[in-house]
Amino acid sequence: QDKKQLAFVVNASSDFWKLAEAGVKKAQGELGSYELQFRYPAQGTAAAQNALMDDLVTAGVDAIMISSADPKNSIDAFNRIAGQVPLFTTDSDAPESNRIAYLGSSNTDAGVQAGEEMVKAMAGKEGKCMGFVGFLGADNAKERIAGFKQAIEGKGIELVDVRGDDVDFTRARTNVDDVLVANPEINCMVGFYSYNPPKIYEALQAAGKLGQITVVAFDEDPVTLGAVKEGSFASTVVQQPFEWGYQGMKLMAKYLEGDKSGVPENKLIIVPTKVIEKGNVDAFEADLKAKIASAG
Amino acid sequence: MSAAATAAPSSSSSVQPFLRLAGVRKSYPGVVALAGFDLDVARGEVIGIVGENGAGKSTLMKILGGVIRPDRGTIEVDGEPFEALTVGQSIRAGIAFVHQELNLFDNLDVAANVFIGREPRKYGLLNLVDREGQRAAVAPLLKRLGAHFGPDAPVRKLSLAQQQIVEIAKALSYDARLIILDEPTSSLPLRETEKLLEVIRGLKADGISVIFISHRLHEIERACNRVVVLRDGVLAGRLDRAEVTYQKLVRLMIGRDLKVVYTPPAVARGAVALSARDVRTSAYPHQPVSLDLHRGEILGLAGLVGSGRSELARAIFGIDPIFGGSLGFEGAPLAVKGTGDATRRGIFLVPEDRKGAGILLDLPIAQNITLPNLDAYARGGIVSAAAEARRAEKSKAELDIRAPSVQALTGALSGGNQQKVALAKWLAMDPQVIILDEPTRGIDVGAKFEIYRLMRALADAGVAVLMISSDMEEVIGVSDRIAVMHEGRISGMLTRDRFSEENVLLLAMGRGLEGEGRT
Amino acid sequence: MNKKDLGLLVLILVVGLGVYLRNPLFLSPNNLANTANLIGLFGLFSIAQGFVIITGGIELSVGSMMALLGVLFVDMVGRLGVPWPIAAAIVIALGLLLGLAHGLLITKLRMQPFVVTLCGLLIYRGASRGYTADATAGFPFGSTYPGLDFFVARPWGIPTSVFVLAVVGVIAWVVLHRSVFGRYLYAVGKNEEAAKFSGIRTSVVIAAAYVICAGLTAIAAIFLAMYTRSVSPSSHANFYELYAIAAAVLGGFSLRGGEGSIVGVILGTILLQVLQNLVNLLGIPSSLNFAVMGTVILVGVLVDQQWGHFRERRRIREAARSSLEQPAE
Amino acid sequence: MNKKDLGLLVLILVVGLGVYLRNPLFLSPNNLANTANLIGLFGLFSIAQGFVIITGGIELSVGSMMALLGVLFVDMVGRLGVPWPIAAAIVIALGLLLGLAHGLLITKLRMQPFVVTLCGLLIYRGASRGYTADATAGFPFGSTYPGLDFFVARPWGIPTSVFVLAVVGVIAWVVLHRSVFGRYLYAVGKNEEAAKFSGIRTSVVIAAAYVICAGLTAIAAIFLAMYTRSVSPSSHANFYELYAIAAAVLGGFSLRGGEGSIVGVILGTILLQVLQNLVNLLGIPSSLNFAVMGTVILVGVLVDQQWGHFRERRRIREAARSSLEQPAE
Ligand SMILES: Nc1ncnc2c1ncn2[C@@H]1O[C@H](COP(=O)(O)OP(=O)(O)OP(=O)(O)O)[C@@H](O)[C@H]1O
Ligand SMILES: Nc1ncnc2c1ncn2[C@@H]1O[C@H](COP(=O)(O)OP(=O)(O)OP(=O)(O)O)[C@@H](O)[C@H]1O
Ligand SMILES: [Mg+2]
Ligand SMILES: [Mg+2]
């Protein structure tokens with residue numbers, strides 16, 4: 001194979017990564033002399049990812065960008081890979097490893113943003129919030145939750161509990177249903193993973209409580225955006241995975257060509273998260289469609 | 001019965017017997033299987049135990065084998081009293097047991113089955129099985145029993161009779177002081193039975209006691225010093241060798257005289273119902289079999305172990321594929337792709353393996369009887385419990401099935417009664433051709449003649465009956481014609497005028513009859 | 001209702017009472033309806049599983065099949081604009097076909113049910129992920145389809161899935177416990193060989209069990225897809241076969257075949273759902289969800305069984321005693 | 001090596017050759033070592049599963065047990081500073097205890113193995129998640145523990161897990177195929193009742209199978225924890241029992257008990273791992289990973305089985321034909 005190969009390895013399959021894939025496709029259009037791959041692991045575990053990276057290196061990939069399911073504990077694996085090909089992280093970072101750089105958003109910042117949105121939306125009211133997430137123990141969840149708590153600290157709003165669902169949509173929905181029954185005092189909710197807000201929306205809709213409970217969301221699920229547009233959700237905090245895919249690939253290509261100027265001193269390339277609310281949701285949606293279409 | 005009484009030596013014998021049972025009792029919900037039973041077995045004595053189906057013979061033996069606990073009574077083995085034996089204690093006490101129902105492991109080979117539970121070991125702590133030693137020990141036993149297979153043969157490849165031989169070999173391999181044989185000959189053909197009787201004589205000479213249970217009274221007559229008759233769980237009589245006669249045994253067993261007349265010959269042999277033309281089965285693909293079975297006749301099919309009779313029956317019934325030739329029914333070609341094709345035409349098979357194929361042990365009697373023809377007891381696909389029960393009660397009465405009720409699990413019945421259930425399910429339908437593979441295996445004399453009578457009644461009603469049997473007396477007594485198989489082919493066909501044990505045997509061993517070429 | 005079912009019912013009532021005492025909202029109409037909805041949904045494919053288990057088989061592909069059928073249904077209705085009754089018919093037909101394929105592989109080619117359905121588990125999951133290229137299939141926001149809320153409606157406060165379960169349950173009960181076919185299922189499960197020797201076309205019976213199972217699973221798949229409203233093929237209904245098998249086993253089915261009742265499997269489903277509900281209602285950390293479920297099942301089965309043993313022993317002992325007092329004849 | 005094992009070996013070689021032709025890197029030392037490492041690891045608990053399956057039982061808690069033991073091991077060594085040999089001993093002892101508990105519940109209290117181990121699956125997963133409150137247990141960065149890389153070392157390029165598997169495999173082979181205990185396992189699996197009549201202490205034999213299974217699983221758990229270096233209790237080794245069961249079934253074990261060989265289960269493990277490796281090496285979309293695996297298993301088992309049938313039938317048909325040409329005698 002004469003073309004150099006770049007791989008983008010994600011942590012699990014979800015629509016979120018479709019956008020990154022679109023970004024990678026866009027990059028592919030501009031990087032004719034490279035072969036870009038976008039890989040999902042068989043399972044959303046660090047073990048599966050590390051095995052996948054081993055196999056990729058074996059198969060001759062020249063650089064990898066990874067969104068690790070468990071970066072903190074994959075440092076040895078990262079270093080093993082980094083010893084063979086340039087390794088970049090995205091989505092979640094492992095600063096202690098020998099990765100070249102991190103490109104992505106800061107989950108803590110995103111959590112803080114969401115907390116601020118909640119404070120704003122509650123407008124001084126007392127708040128008892130319930131959070132919903134896939135894996136309670138996952139780093140991105142912990143960081144978002146921590147950021148959220150940090151922002152609501154002392155603002156009369158409390159995050160009572162966060163319910164985990166192991167990325168089972170049925171349980172994600174049931175959790176909201178059950179909270180509505182068991183915790184009538186709850187007046188605000190946060191959906192930390194991309195599929196949580198739609199489940200919150202559906203449960204509220206079924207219970208006829210849309211609009212009565214303040215919801216702040218993460219990510220850009222169509223239902224989430226619809227709810228924001230409709231005014232049922234206060235706002236949603238979105239990352240820019242398209243940019244990660246696009247910029248990431250360009251960065252890796254440049255790096256392989258010997259141009260290391262794209263890597264800053266602190267090795268962190270933060271693509272900021274954005275808050276989408278009623279005012280900018282239409283523009284955002286149009287942009288999203290265009291991006292996906294551009295990837296074709 | 002007090003402990004003191006049982007402990008006191010019996011006045012009749014001054015020598016302590018090897019085994020002494022006193023007041024042994026066992027009841028199941030709804031049945032008293034044994035109602036206080038006493039038995040002494042001396043060293044080197046061969047005791048015959050006879051009784052009707054369900055009389056409690058196997059129950060008694062299972063108590064000795066440690067398989068079940070008696071409700072009360074004592075068991076004294078070699079002077080040591082027990083309230084109940086465990087399997088381990090029984091084995092250690094030198095009691096070897098051939099169960100009425102086979103208990104083999106078909107995933108292991110013959111040698112492993114013989115030594116299961118007490119393997120010869122090697123390499124001390126490693127506890128490995130000494131496979132050579134095992135084989136060497138088993139080979140002579142098999143030879144002694146006249147088996148044609150080696151210690152390495154996988155049990156799953158053996159026929160029922162061959163498996164029975166393995167069971168016996170297993171009992172012999174114990175260094176036993178008492179061997180219990182619960183109907184060991186029920187599926188053994190003549191020659192192997194002779195071998196077994198010879199072996200029993202040898203055991204006796206070695207001072208080993210034998211308890212021998214059989215429904216074949218002639219074997220009992222020949223083999224035993226003493227016969228104990230059981231009826232409804234109680235002792236009905238003891239006979240010493242000199243007193244034993246067939247008639248006496250029967251009278252004690254069933255409480256009345258039995259006219260031992262085999263059935264009269266066919267009134268009229270009708271048209272050919274079932275015909276086989278050059279049929280080849282998987283066991284003997286190179287041997288085509290041709291056979292005509294007429295309405296109104298009972299055709300006996302004799303042969304040695306593994307001669308291919310059961311295989312032929314299974315092929316006709318649609319269990320096993322046919323690899324050549326053709327079948328015909330009522331003059332038209334017959335294609336059997338599955339058992340449904342056979343049963344729809346009234347062609348039925350009562351298989352030799354009762355436990356595995358003949359009946360469903362876990363179903364109530366009534367459900368077993370109606371199973372092949374369930375639609376007849378159903379309306380709109382829904383089974384009518386009442387119609388089913390009526391039918392079952394009728395069968396129970398007709399065949400005299402001894403059971404607390406027709407809702408009792410078939411598995412809880414005595415062996416003989418289970419066989420009656422296996423028969424009853426076909427008799428409840430409208431048989432045209434009925435194939436009975438060892439129909440009286442494990443059935444007591446009373447019931448046996450009942451079944452012969454039923455078979456004859458069927459034949460007289462125009463049914464074609466094919467009876468596979470290894471019981472020489474039965475084959476000669478019941479059949480209108482006898483076909484003999486040898487290694488997959490029909491080696492001869494005998495008409496009534498030429499019926500004799502000798503002729504059947506000669507053909508079964510593949511030799512021609514005196515003064516004749518081969519048929 | 002047999003004794004085993006009764007034991008299970010008592011267990012459910014005890015657990016329910018316990019939860020109610022700790023949190024009376026357990027019996028609030030809303031919570032009951034939510035739980036009942038899940039019971040309806042899970043009950044459907046648990047009964048389906050029961051039909052296979054009774055033959056001594058097992059159907060491991062339930063979860064994956066629900067993902068595949070769910071993805072197809074949502075995609076057809078949501079993206080391709082197929083009218084939903086047609087989409088539903090296609091999905092159910094496909095389900096029946098898959099069931100038939102399993103049945104034929106098991107009966108005609110004599111493969112082990114575990115192997116066939118394990119491969120199904122892998123293949124259907126892969127197929128559904130491949131179909132959407134790992135994306136989530138969902139309905140566009142705000143879209144409505146006339147009549148489609150049938151699947152999520154709650155007439156008189158009772159979810160439709162419960163009505164469907166009731167109907168299916170009654171039919172399944174009649175089929176399994178009263179019909180000729182049901183008798184054949186038991187017979188085949190208890191001893192296939194002997195059933196064959198009774199003239200039963202065992203292959204047809206077994207294959208039919210897999211077809212029925214897949215058909216019911218397909219219906220459940222539509223309900224589930226409508227409940228989650230979006231289907232992420234990699235995680236949708238992941239390992240739901242375990243729930244189904246657990247419900248059946250709790251309900252007295254034996255994995256060796258030939259044993260089990262419809263009432264039992266429905267009660268099993270109810271218990272499992274009440275346990276799930278309890279975790280949220282009592283505010284037990286989500287991480288302990290499984291531990292609670294496992295413990296209750298273990299204790300429940302244990303108590304039920306030991307109680308049965310105890311009574312059986314006593315009965316035998318009494319039979320022995322009474323027969324001693326009045327010797328037969 | 002029996003015929004079934006041979007068929008499996010052929011299948012592995014065919015698949016391997018196919019992969020090699022498409023991507024020669026398949027046979028690169030690095031790839032072989034990576035794959036071998038996983039084979040060693042999965043082989044350990046697949047053999048473990050085999051011991052239970054041979055008795056006609058099943059052990060569904062393998063994955064959860066590995067998560068629980070893995071969490072404990074990493075936590076003890078990484079956070080509590082317990083010397084690793086002590087931690088390993090504790091973990092293995094705990095594993096044996098859990099196995100004993102399963103064995104006793106199954107033999108003494110006569111519960112179905114499926115129920116007991118399903119509850120195990122739920123409880124151990126819940127316990128491990130509760131233990132860390134769903135957080136991931138890992139070693140502090142940069143920490144090293146003398147001797148602990150034994151588990152990930154590759155002397156002469158060969159991972160230690162392979163050596164361990166080789167040793168365990170040989171011992172297991174002797175135990176299962178040559179020892180008295182092994183024979184009892186086969187006997188108990190085929191017919192527990194008859195085994196009891198033969199004076200075999202069936203409860204002891206069955207309980208021992210579960211203890212052995214859990215012990216080997218505990219060893220595998222340490223290897224797996226050291227391979228992942230961190231244990232996220234909610235997903236660690238999730239449903240690995242299915243891999244183990246699949247490996248055993250592929251390797252010729254019957255879930256009805258009494259059939260199976262150690263060589264078979266190891267070959268089954270190899271096949272499964274080669275399939276996983278193939279998906280990554282050939283650049284097949286990961287979403288199709290499962291589909292590929294399922295299809296290959298299905299086709300492999302099918303071909304293997306049908307081939308046997310076909311030969312048997314041909315033999316019989318030929319015998320029939322040859323006798324036609326020269327009529328018997
Ligand atoms: N497990 C059981 N449960 C209930 N009843 C039983 C059980 N085993 C045997 N019986 C009953 O005990 C009685 C004695 O049975 P047993 O098997 O000892 O008879 P048998 O004399 O050996 O008969 P056969 O000659 O038919 O073998 C029968 O009425 C039988 O139905
Ligand atoms: N399951 C089997 N697999 C392979 N060979 C078998 C099997 N069953 C029987 N055989 C062999 O097929 C041949 C024919 O057996 P079959 O049972 O038809 O004989 P049979 O005349 O009925 O004898 P038996 O008195 O033993 O029942 C024998 O050599 C037997 O060993
Ligand atoms: Mg008997
Ligand atoms: Mg025969």
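Chain letters run A, B, ... following the sequence lines, proteins first and then strands; every chain starts at 1. This is a predicted model, so every value here is computed, not measured.
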Self-check item: Side chains of B:W426 and B:P431 in contact at under 4.5 Å (non-hydrogen atoms)
Solution: no
Exercise. Tell me, for B:L371 versus chain C, whether the close heavy atoms (under 4.5 Å) come from the side chain, the backbone, both or neither.
Key: both
Quiz item: Heavy-atom distance under 4.5 Å to chain C: side chain of B:T343, backbone, both or neither?
Solution: side chain
Quiz item: Is it true that the side chains of B:E311 and B:S282 contain a donor and an acceptor less than 3.5 Å apart?
Solution: yes
Self-check item: Interface residue of largest heavy-atom contact number with chain C, from B:L361, B:V234, B:I319, B:L363, under 4.5 Å
Solution: B:I319
Quiz prompt | Structural part of C:Y186 lying under 4.5 Å from a heavy atom of chain B | solution = neither
Self-check item: Contact check, side chains of C:L60 and C:I245, non-hydrogen atoms, under 4.5 Å
Solution: yes
Quiz item: Any side-chain heavy atom of C:F197 sitting closer than 4.5 Å to one from B:F317?
Solution: yes
Practice problem: Before accepting this row, confirm whether a basic side-chain N of the pair B:E52/B:R402 lies closer than 4.0 Å to the acidic partner's carboxylate O. | Solution: yes
Quiz item: If you tally heavy-atom pairs under 4.5 Å against chain C, which of B:G338, B:P351, B:G358 wins?
Solution: B:P351
Quiz item: Under 3.5 Å, is there a donor-acceptor pair between the B:K425 and C:S198 side chains?
Solution: yes
Exercise. Decide whether C:S261 and C:D5 meet the rule of one side-chain donor and one side-chain acceptor closer than 3.5 Å.
Key: yes
Quiz prompt | Heavy-atom contacts under 4.5 Å, residues 377-389 of chain B to chain C | solution = B:A378, B:G381, B:I382, B:V383, B:E388
Quiz item: Does the side chain of B:D437 reach to within under 4.5 Å of the side chain of B:M467, using non-hydrogen atoms?
Solution: no
Self-check item: Closest-packed option against chain B by number of heavy-atom pairs under 4.5 Å, given C:E193, C:H177, C:E259, C:R178
Solution: C:R178
Self-check item: Neighbour count above 12 (heavy atom, 6.0 Å) for B:R391 CZ
Solution: yes
